[in-house]
Amino acid sequence: MPELPDVEVYRKKMSKCVKGGKIKKAEVRDERAVKGPKTKKALAKLKGKSVEKIIRRGKNLFLKSPGGGWFAFHFGMTGAVECFSGKEKEPPYTKVLFSFESGKKLSYILKRMLGKIEAIESPKEYIKKKKIGPDALKAGYNVFEKEGENYTGGVKNFLMSQDKISGIGNIYSDEILFQSKVHPAAKTDELKGAGLKKLYRNTEKVLKEAIKKGADPRKLPRTWLLTNRKKDGKCPKCGGAVKKIKAGGRSAYYCVSCQKK
DNA sequence: AGTACCACCTGACGGC
DNA sequence: TGCCGTCAGGTGGTAC
């Protein structure tokens with residue numbers, strides 16, 4: 001379930017898991033989870049090495065090994081990581097399994113095969129190639145405003161444009177729009193200053209709160225759209241109908257009375 | 001530039 | 001219970 005908050009939680013889990021221990025081995029259970037033979041070889045070479053650092057930008061994680069080799073982790077729609085002790089049962093859908101000298105294991109999980117681990121030159125090069133814009137929590141209002149004012153399309157599309165601001169996906173864009181009382185199909189450049197500012201504030205608020213709650217929907221406030229984001233859902237604020245439309249090829253849920261166009 | 005549609009994969013769920 | 005259609009928290013390519 002990986003949007004920015006989820007991936008931030010994964011980053012924390014990974015960082016904790018790799019702490020202090022060298023990698024004993026990296027087992028590739030499904031070749032499709034790994035980009036090309038180059039990546040497979042690079043993973044094999046991790047043996048005996050520690051992990052130097054793990055950083056996140058948007059929905060992407062970058063792992064650095066001491067030799068200077070980098071790996072990009074992407075999670076598609078159903079990817080995740082879990083850190084567990086060697087005695088525990090391995091999580092289902094584990095596609096790559098890292099074992100550490102400490103006894104801990106890190107599982108790279110994919111339910112659908114839409115994500116990948118890839119050996120890369122550097123995050124910089126990868127970010128450039130994939131056109132990944134600044135992280136939604138680091139961009140700052142200046143970037144947000146500049147991009148927003150220049151975007152002539154729908155606001156939900158804008159929030160989800162990874163090349164403008166990275167990290168926001170389908171679920172959290174709906175949440176940000178709901179809390180901002182903005183219709184998902186509203187034109188971005190028509191929001192202007194105050195509207196964009198509100199959108200920005202709610203972007204920060206929603207993402208930060210979600211991270212704080214471990215990106216666990218069950219722990220998120222009931223006043224959020226999130227838990228009512230379904231067929232025949234009711235708006236948690238006004239009790240009105242939650243409707244589903246298509247926006248940017250995705251399902252957008254919104255409250256008909258709170259989010260006017 | 002922005003959008004619409006398809007493709008990639010496979011699980012989960014609702015309807016019959 | 002079982003089969004089937006539909007949808008899905010992402011992205012990349014193509015075509016308009």
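Numbered from 1 within each chain, the chains take letters A, B, ... in sequence-line order. What's counted below: heavy atoms across the whole structure, side chains too, no hydrogens, waters or symmetry copies.
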Practice task
Nearest whole angstrom, please: distance from the P of C/dG10 to the OH of A/Tyr10.
Solution key: 11 Å
Practice task
To the nearest Å, give me how far apart CZ (A/Arg250) and P (B/dC5) are.
Solution key: 14 Å
Practice task
Using a heavy-atom cut-off of under 4.0 Å over every strand shown, decide if A/Asn60 touches base, sugar-phosphate, or nothing.
Solution key: nothing
Practice task
Could you check how far CZ of A/Phe75 sits from P of B/dC8, rounded to whole Å?
Solution key: 24 Å
Fill in the blank from the handout: A/Ile127 atom CD1 is separated from C/dT11 atom P, nearest whole Å, by 14 Å
Fill in the blank from the handout: Here the distance between atom P of C/dG10 and atom NZ of A/Lys116, to the nearest Å, is 17 Å
Handout entry: N/O donor-acceptor pair, side chain A/Arg112 with base C/dA8, under 3.5 angstrom
Key = yes
Handout entry: Whole-Å distance separating the CG atom of A/Asn170 from the P atom of C/dA8
Key = 8 Å
Problem - Whichever of A/Lys231 and A/Thr152 has its nearest DNA chain B nucleotide further upstream toward 5' - result: A/Thr152
Problem - DNA chain C: 5'-proximal contact among A/Ser251 and A/Met160 (nearest heavy atom) - result: A/Ser251
Problem - Residues A/Glu27 and A/Arg29 bridged, charged N to O under 4.0 Å - result: yes
Exercise for the section: Answer yes or no for A/Lys59 and A/Phe75: cation-pi contact, defined as NZ/CZ to six-membered ring centre under 6.0 Å and angle to ring axis within 45°. Expected result: no
Problem - Closest-nucleotide ordering on DNA chain B, the 5'-leading residue of A/Gly153 and A/Asp30 - result: A/Gly153
Practice task
Whole angstrom is fine here: how far is it from NZ in A/Lys156 over to C1' in B/dG2?
Solution key: 16 Å
Handout entry: Check ion pair A/Glu125-A/Lys128 (N to O, under 4.0 angstrom)
Key = no
Handout entry: Closest to the A/Tyr151 side chain, choosing from C/dG9, B/dT10, B/dT3
Key = B/dT3
Which pairs would a plain distance check flag for residues 229-252 of chain A, meaning a side-chain donor or acceptor within less than 3.5 Å of a matching protein atom at least two apart in sequence or in another chain?
unit_1: A/Arg229; atom_1: NE; unit_2: A/Asp174; atom_2: OD2; d: 2.8
unit_1: A/Arg229; atom_1: NH2; unit_2: A/Asp174; atom_2: OD2; d: 3.1
unit_1: A/Arg229; atom_1: NH2; unit_2: A/Ser251; atom_2: O; d: 3.1

Problem - Integer-rounded Å distance: C/dG10 C1' and A/Glu3 CD - result: 9 Å
